[in-house]
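Data first, discussion second: the structure below is written as structure tokens.
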Amino acid sequence: MNTLSFMEKQEALYHHLGKGRLPFASAELSGGERHPNVRGRIEFYATPAGTLILAEAQGLPGVSGTGRRSAVYEFYVKGQSESAHTYRCPQLPTLYEKEGRAWGSVVTAKLSVSDLHEKRLVLYQKEDVGEAWTDSAVETAVGTVSFAAPIVRRRTSVRSSAEVS
């Protein structure tokens, strides 16, 4: 009997939720100077259950020599300018690396389009400092969010055909 693990069941469920749907937004991730081989993608899908977020990355720096089995990565959101504030976005999935690859997913009702508009997603590796975890100061990968359709910020009034003629 072939029994699926909890993670395999969760992955299958999330793929089922996104089946036949196109993402309304996505970001291609690429590594920075310290991690040029990192590549990945994060996609955002509208579903009846909320926003389905799927993320994957490869070429991640491993944890060899640390005694841990995998590295932990979290997404942060940042504005387009270098001076923009960077903040942790708990609605985005945490990624657990194994052999340089990671996959994560989450469904949330707490993420809006405005949270992503004109933003960059930054992937940071969590650092193990004894009993606690802290964020490393080095970006592992960065991607700019792009939308499948233009965002309408404010709708202007529409004239009736009688007013136009």
* Structure fact -> Those residues at least two apart in sequence (or on a different chain) that pass side-chain contact (heavy atoms from CB on, under 4.5 Å) with Leu92 are Ile42, Phe44, Ile53, Phe75, Val77, Cys89, Leu111, Leu121
* Structure fact -> Heavy-atom nearest pair, Glu97 first then Tyr73, reads CB-CE1, 3.6 Å
* Between Tyr124 and Tyr76, is the gap from one ring center to the other below 6.0 Å? -> yes
* Asked: What heavy-atom pair brings Gln125 and Ala71 nearest, and what distance separates the two atoms?
  -> NE2-CB, 3.4 Å
* To do: Using side-chain hydrogen bond (donor to acceptor under 3.5 Å, both in side chains) as the criterion, list what pairs up with Glu28, not counting sequence neighbours.
  => Arg41
* For Pro23 against Glu43, the heavy-atom pair lying closest together -> CB-CB, 4.0 Å
* Under the side-chain contact (heavy atoms from CB on, under 4.5 Å) test, residues paired with Val38 that sit two or more places apart -> His35, Leu60, Pro61, Thr140, Ala141
* Asked: Could you give the distance from CH2 (Trp103) to NZ (Lys98), rounded to the nearest 0.5 Å?
  -> 15.5 Å
* Asked: At their closest point, which heavy atom of Pro36 faces which heavy atom of Arg39, and how far apart are they?
  -> O-NH1, 3.3 Å
* Asked: Which atom pair, heavy atoms only, marks the closest approach of Gly104 to Pro93?
  -> C-CB, 3.8 Å
* **Other residues, nucleotides, ligands: >12 heavy atoms within 6.0 Å of Gln80 CD** => yes
* Apply side-chain hydrogen bond (donor to acceptor under 3.5 Å, both in side chains) to Asp115 and list each qualifying residue two or more places apart in sequence or on a separate chain. => Ser112
* Check whether any side-chain heavy atom of Leu116 lies under 4.5 Å from a side-chain heavy atom of Phe147, and answer yes or no. => yes
* CG of Leu52 to CZ of Phe24: how many Å apart, nearest 0.5 Å? -> 9.5 Å
* Of all residues at least two apart in sequence or in a different chain, which pass the side-chain contact (heavy atoms from CB on, under 4.5 Å) check with Ala49? -> Thr47, Val107
* First locate atom CD of Glu74, then atom OG1 of Thr94, and finally report the distance between them rounded to the nearest 0.5 Å. => 4.5 Å
* **Summary of side-chain hydrogen bond (donor to acceptor under 3.5 Å, both in side chains) pairs that have at least one residue in residues 48-60, sequence neighbours excluded** => Gln58-Arg101
* **Heavy-atom pair with the smallest gap, counting every atom of Gln91 and Thr108** => CG-OG1, 3.7 Å
